Amino acid sequence: MSLRRVAVPLLGVTASLALVIPPGTAQASITAEPPAVQAHGQPAKVPVAEGYGGAVATVDLDASKAALKILRQGGNAMDAAVAGAATLGVTEPFSAGLSGGGFLVYYDARRGKVVTIDGREKAPQAMTETSFQENGVAIPFDQAVTSGLSAGVPGGLAQWELALRRFGSLSLKQALEPAIDVAAGGFTVDQTFRDQTAQNAARFADFTSTAALYLPNGAPPAVGSVFRNPDLAATYRELGRLGGEWLYGGKLGEEVVATVKKPPVRPGATRVVRPGLMEVADLRAYRALERTPTKVGYNGMDVYGMAPPSSGGSTVGEALNILQSLPKVGLHEYLEASRLAFADRNKFVGDPGYVDVPLKGLLSEGFAKERACLIGETAMPHPAAPGSPDGSYTACQVDGQAVDTGTGKAEKPEGPETTHLVVTDRWGDVAAYNITIEQTGGNGIVVPGRGFLLNNELTDFTFGPAPGDPNLPAPGKRPRSSMAPTIVLKNGKPLLAVGSPGGATIITTVLQILVNRYEFGMSLPDAVAAPRASQRNSAATQAEQAFIDRYGAELTAKGHTLTIAPGPPVSEIGAATGLEFLGHGKVQAVAEPTRRGGGSALVLTPAKP
Ligand code: GLU
């Protein structure tokens, strides 16, 4: 596909929502029910919904319903985002949970401003540059994956509390109620849940607490059975009563630390399980942070994303800048812009508390123009060298830079980990929220009696040795992320929100959806459903089979090598969710039609067909 830039009708008028509250007016926590929720009672699992007064899209019907319930009760988008995330901690426990972390981009309608909250996990104080090395070499990656060592200081719960305190209208206790209902009452096991359990069964079996919860009768639960997690229901209830302090310095924190230091390995298991370094003091010191979003102007819109320590905003932003410097944009240009942006991401992005990230340069038009000059009619040689985002740019002069991909860690396979949800409310607030415990199943270790898995987010660090790498571990440092929750404004009003799971493919999925929507003129549902490819400055571009079937010949002729994206169980890239604001208060919520079993989009008041 190679299309000239097309004029996409941009209906950016969203101010005329059903209810607009004047600045300074408190948003009531409970109000009268708005009319008709969803025709004939129970919402159904559908990937696209259009309507008014509030909308949500997640990978999971229970989580979407939880968020919608909060909206219906008068909660705002932030309340609903927390409720949805907590419910995903029940129904998508291998991707989300209070012990993980996440990044949240939020349009605060009252202030007309995009803000972000960083709930990224941190390295414990005892972690050093060589903690993932032994005798001067990196430890085997799979040993790090299932270990106490990889468990970062959890950020998710602190993020929920900060989000509610700053932008919500409900208490943590209220926001957790829908999730408690699902955890206690149970949910129906679907194929994705069973597949993800089965894929993890060998390591789950090696921890007594995990096997007891997720391998009832020694095997993954059957599709169609009801899964209850009373321990997690009790944990959420207690959190509602005691607040986050229970984790960040209290008894729950002590239990997390004890589990990390001495994982409950099954007697007789032969797995090497490295203990972790986390202390209660690390939990006590954890803070979620409000950060300034990244922002790039793109074809008359403003695209807001997550700043470092995520590389999401800077990499999507740089690639968009490169694309709009080009005379034409097709799939070849999409892949090449992504390749270049990844070369820069790998070289320059890390935790800004530890590394001087040249964010301004990376997102500047001058730098993008300089980078765009490298894009020709055929794929550039691999690997692309990073550029110099130093403020001094030369248009279209390529000199021989040393090839340096800037990463000391072999690229790990990117699976379907993580999850992303979007919510908007009747006031026009918008949340785009990426949540993760890193790999599917985190570190595989359930905190005994508490019903949740620990994260293994610290595997996102470069293990080294890799002198100069911005993403080496350090005491208290946050590992670089690829999470890219994104909100697009037009004339200062929300136009679109989008995000995805999938490790480093998150960035390319978000970028490709934006390109599909705004360069190729697809509708948002089509832009999400379209087959994907992911180029991350690697020799071959990973792609879904349908992408290879459709565009393989054309791209191979331009010098690209396409390789099938890894499963398991199905080869697919990302399971995105998005919102588009259609004007006059109408919102379209979009989830996947098939990836990861299909997602769930719901609106408060459906539009008449
Ligand atoms: N740890 C990943 C990141 O922050 C997210 C998990 C994943 O999708 O692999 O980029």
Side-chain angles (χ1 to χ4, degrees), residues 86 89-90 93 96-102 119-128 131 144 146-162 172-173 176 179-180 183 204 206-214 229-267 269 273-288 436-438 441-459 473 475-479:
V90 181
L98 69 103
S99 82
R120 185 65 162 172
E121 300 91 329
K122 289 175 68 166
Q125 281 302 313
M127 184 154 270
T128 68
S131 290
T146 307
S147 72
L149 186 62
S150 60
V153 183
L157 180 59
Q159 186 180 39
W160 294 350
E161 287 203 306
L162 179 61
L172 182 64
K173 182 170 184 291
L176 291 176
I180 293 170
F204 283 4
D206 280 350
F207 300 98
T208 51
S209 52
T210 316
L213 180 60
Y214 288 119
N229 190 340
D231 285 349
L232 184 55
T235 300
Y236 278 167
R237 268 191 215 105
E238 203 62 359
L239 274 174
R241 208 169 64 80
L242 299 174
E245 271 176 43
W246 188 39
L247 174 65
Y248 297 107
K251 170 94 171 35
L252 183 62
E254 286 169 16
E255 292 176 30
V256 166
V257 166
T259 308
V260 163
K261 286 185 165 172
K262 194 169 183 306
V265 179
R266 165 180 65 83
V273 182
R274 293 169 190 267
L277 305 169
M278 199 190 304
E279 300 288 348
V280 170
D282 293 311
L283 286 161
R284 222 175 260 132
Y286 186 87
R287 297 287 177 276
T436 187
I437 58 171
E438 189 2 50
N443 72 356
I445 306 171
V446 165
V447 178
R450 298 302 183 189
F452 63 87
L453 285 154
L454 292 171
N455 73 77
N456 61 353
E457 211 70 51
L458 303 186
T459 59
K477 191 174 177 181
R478 296 170 193 232

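What you see below is based on every heavy atom in this structure, not just the backbone, and it leaves out hydrogens, waters and symmetry mates. On a predicted model such as this, the values are computed, not experimentally measured, just so you know. The first residue in the sequence is number 1, and the count goes up from there.
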Take L239 and L176 through the test side-chain contact (heavy atoms from CB on, under 4.5 Å) and record every step on the way to the result.
-> CA-CA 9 Å; L239 274 174; L176 291 176; 4.1 Å; yes

Heavy-atom check, side chain of W246 versus side chain of T235, under 4.5 Å = yes

Closest non-hydrogen atom pair, T128 against S131 | N-OG, 2.8 Å

For D282 and K122, run side-chain contact (heavy atoms from CB on, under 4.5 Å): C-alpha distance rounded to whole Å, both residues' side-chain angles, the deciding distance at 0.1 Å, then the answer.
-> CA-CA 9 Å; D282 293 311; K122 289 175 68 166; over 6 Å; no

Give a yes or no answer on whether the side chain of S209 reaches the backbone of V446 with a donor-acceptor pair at less than 3.5 Å.
-> yes

P448 side chain near T259 side chain, heavy-atom distance below 4.5 Å | yes

Can you tell if the side chain of K251 reaches within under 4.5 Å of the side chain of L242, non-hydrogen atoms only?
-> no

Flag the pair R450 and E255 as a salt bridge only when some basic side-chain nitrogen lies within less than 4.0 angstrom of an acidic carboxylate oxygen.
-> yes

Any side-chain heavy atom of P475 sitting closer than 4.5 Å to one from M127?
-> no

Can you find a heavy atom in the side chain of L98 that is under 4.5 Å from one in the side chain of W160?
-> yes

Where do L172 and E161 come nearest, in terms of heavy atoms and distance?
-> CD2-OE2, 3.8 Å

For the residue pair Y248 and Y286, does the interplanar ring angle fall in the parallel (under 30°), tilted (30 to 60°) or perpendicular (over 60°) class?
-> parallel

So N229 and F452, side-chain contact (heavy atoms from CB on, under 4.5 Å) or not? Walk me through it.
-> CA-CA 9 Å; N229 190 340; F452 63 87; over 6 Å; no

Let me see the working for F207 and V273 under side-chain contact (heavy atoms from CB on, under 4.5 Å), right down to the final yes or no.
-> CA-CA 10 Å; F207 300 98; V273 182; 3.9 Å; yes

Is there a donor-acceptor pair closer than 3.5 Å between any side-chain N or O of R120 and the backbone N or O of P479?
-> yes

How many angstroms lie between CG in L232 and CG in L213, if you round to the nearest 0.5 Å?
-> 8.5 Å

Smallest heavy-atom separation, A151 atom then V260 atom, equals CB-CG2, 3.9 Å

Working to the nearest 0.5 Å, report the span between OG of S150 and CD1 of I445.
-> 7.0 Å

With the side chain counted from C-beta on, respond yes when E279 and K261 share a heavy-atom pair under 4.5 Å apart, and no when they do not.
-> yes

N443 versus T146: any side-chain heavy-atom pair under 4.5 Å?
-> no

Under 3.5 Å: donor-acceptor pair, side chain of T208, backbone of R266 | no

Exam field: side chain Y236 to backbone A86, donor-acceptor pair closer than 3.5 Å = yes

Salt bridge check: are E238 and R241 linked by an N-O gap of less than 4.0 Å?
-> yes

Would you say the side-chain atoms of E121 pair up with the backbone N or O of P154, donor to acceptor, closer than 3.5 Å?
-> no

Can you tell which of N455, L454, T459 makes a side-chain contact (heavy atoms from CB on, under 4.5 Å) with E457?
-> N455

Is any side-chain heavy atom of N456 closer than 4.5 Å to a side-chain heavy atom of S147?
-> no

Kindly compute the distance separating CD (E245) from CG (L157), expressed to the nearest 0.5 Å.
-> 11.0 Å

